[in-house]
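Remember, it's a predicted structure, so these values are computed and weren't measured experimentally. Just so you know, ligand 1 is whichever comes first in the structure, and atom 1 is the first atom listed for that ligand. Excluded from the calculations below are hydrogen atoms, water molecules and symmetry mates; all remaining heavy atoms, backbone and side chain alike, are included.
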Amino acid sequence: MDERISTGIPGLDAVLNGGLIGGRVYLLKGGPGVGKTTLGMHFAMAGVAKGESVLYVTLEELAANIRADFGRMGFPVNDPRFNLIDATPTVEKYVLMKDPFETFAEGLEALRNAVVERYREVRYSRIVIDPITMLKLPAASELDYRREFLAFMKSMARLRITVLMTSELEGADVEEYLADGVVEMLTFESHGRLMRGIRVKKLRGSSFDPAIHPYEITDRGIVVYHDRLLTDH
Ligand SMILES: Nc1ncnc2c1ncn2[C@@H]1O[C@H](COP(=O)(O)OP(=O)(O)OP(=O)(O)O)[C@@H](O)[C@H]1O
Ligand SMILES: [Mg+2]
């Protein structure tokens, strides 16, 4: 069996029949507030726990807020192996200039180049891009974006880096086709209650459990109930 990469959430690894396949690019889709950033944090920290260097590129939420919120949840946000890059457009240019990843917000191609260039120095095993939307916008056309995306996948495969990209529920069709796997986080209303469900939509190279499983966001992060279906309550 191929090496499986833990998502950091045992229940989700079970739904994925053991975890993600390494060196590939995955898309995590979901509406506002469903827990995409939290899941990205679990994935990143599972690498840190194994002694790996990981890169977390935040493009919409300020890094300071991420550190504060997820530090409170018990994630080791100050571990030197956890490289959090703030590429939000609100960050002052001079701050970005100090950072070798200043070009991050310029698009997927710039991100790829930055990671490849620095690989000798920092061997990231995992990268989270949260969300991919901001790196898609600079592409001149959809064709250009597809090319950039495929080149990115190729480089990541070569360097054996596993990538998780988050995106909104709507408008990530290109990524859904191109990515090696797609996970969706959904919300439903049932008898006035909000129900959260997660499902794997696609996982190239592997079978998976296609059911929608309930999950919760707790003060320690996300728990996925792989042995329950969303309808059981
Ligand atoms: N301690 C906690 N207990 C329960 N729920 C929590 C806790 N902390 C945060 N949450 C919930 O987690 C959700 C936010 O998670 P997260 O930021 O990961 O979502 P997101 O999908 O990334 O959101 P966005 O679309 O804004 O990027 C909120 O709905 C919040 O209520
Ligand atoms: Mg988020």
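- Contact check on K136 versus E148 returns no salt bridge, with no Lys/Arg side-chain nitrogen under 4.0 Å from an Asp/Glu carboxylate oxygen.
- Between T38 and ligand 1, an N or O atom pair is found at a separation short of 3.5 Å.
- Judged purely by distance below 3.5 Å, without hydrogens or angles, the side chains of S206 and R4 pair a donor atom with an acceptor atom.
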Inset, instruction - List the steps and the verdict of side chain to side chain contact (heavy atoms under 4.5 Å, CB included) for D144 and E109. - result: CA-CA 10 Å; D144 275 356; E109 186 67 13; over 6 Å; no
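- Considering backbone and side-chain atoms together, P32 places no N or O closer than 3.5 Å to any N or O of ligand 1.
- Among protein heavy atoms, the minimum distance from atom 20 (P) of ligand 1 is reached at K36 N, 3.4 Å.
- Looking only at protein heavy atoms, the nearest one to atom 9 (C) of ligand 1 is M73 CE, 4.0 Å.
- Y56 and N83 form no side-chain donor-acceptor contact under 3.5 Å, judged by distance and modelled atom types alone.
- Geometrically, R228 engages Y225 in a cation-pi contact defined by less than 6.0 Å to the ring centre and at most 45° from the axis.
- Sorted by chain and number, the protein atoms of type N, O or S within less than 2.8 Å of the Mg ion (ligand 2) are T37 OG1.
- At a 4.0 Å cut-off, not a single heavy atom of E168 sits close enough to ligand 1 to count as contact.
- Distance from atom 12 (O) of ligand 1 to its nearest protein heavy atom, with residue and atom name: I217 CD1, 3.4 Å.
- Counting protein heavy atoms under 4.0 angstrom from atom 30 (C) of ligand 1 gives zero.
- Side-chain heavy atoms closer than 4.5 Å link hydrophobic residues (I, L, V, M, F, W, Y) into clusters, and following such links, even through other members, never connects V25 to Y177.
- At a heavy-atom cutoff of 4.0 Å, ligand 1 is contacted by the backbone of T218 but not by its side chain.
- Checking side-chain atoms of H42 against main-chain N and O of I222 turns up a donor-acceptor pair under 3.5 Å.
- Salt bridge annotation for R146-E142: present, with a cationic side-chain nitrogen under 4.0 angstrom from a carboxylate oxygen.
- Between the side chains of S155 and R112, a donor-acceptor pair is found at a separation under 3.5 Å.
- Between K201 and E176 there is a salt bridge, since a side-chain N of the basic residue sits under 4.0 Å from a carboxylate O of the acidic one.
- Within a 4.0 Å radius of atom 3 (N) of ligand 1, the protein contributes at least one heavy atom.
- R196 and E216 are not joined by a salt bridge, as no carboxylate oxygen comes within less than 4.0 angstrom of a charged side-chain nitrogen.
- Tracing side-chain contacts under 4.5 Å through hydrophobic residues (I, L, V, M, F, W, Y), one never reaches M41 starting from V223; they form parts of separate clusters.
- Annotation: atom 17 (O) of ligand 1 to nearest protein heavy atom, T37 CB, 3.9 Å.
- The shortest N/O to N/O separation between F70 and ligand 1 does not fall below 3.5 Å.
- With respect to atom 28 (C) of ligand 1, the closest heavy atom belonging to the protein is G33 O, 3.8 Å.
- Proximity of E216 to ligand 1, defined as any heavy-atom pair under 4.0 Å, is not found for any part of the residue.
- The closest side-chain heavy-atom distance from I212 to L229 is not below 4.5 Å.
- Annotation: atom 1 (N) of ligand 1 to nearest protein heavy atom, D219 CA, 3.2 Å.
- Checked by distance only, ligand 1 and G35 come closer than 3.5 Å through their nitrogen or oxygen atoms.
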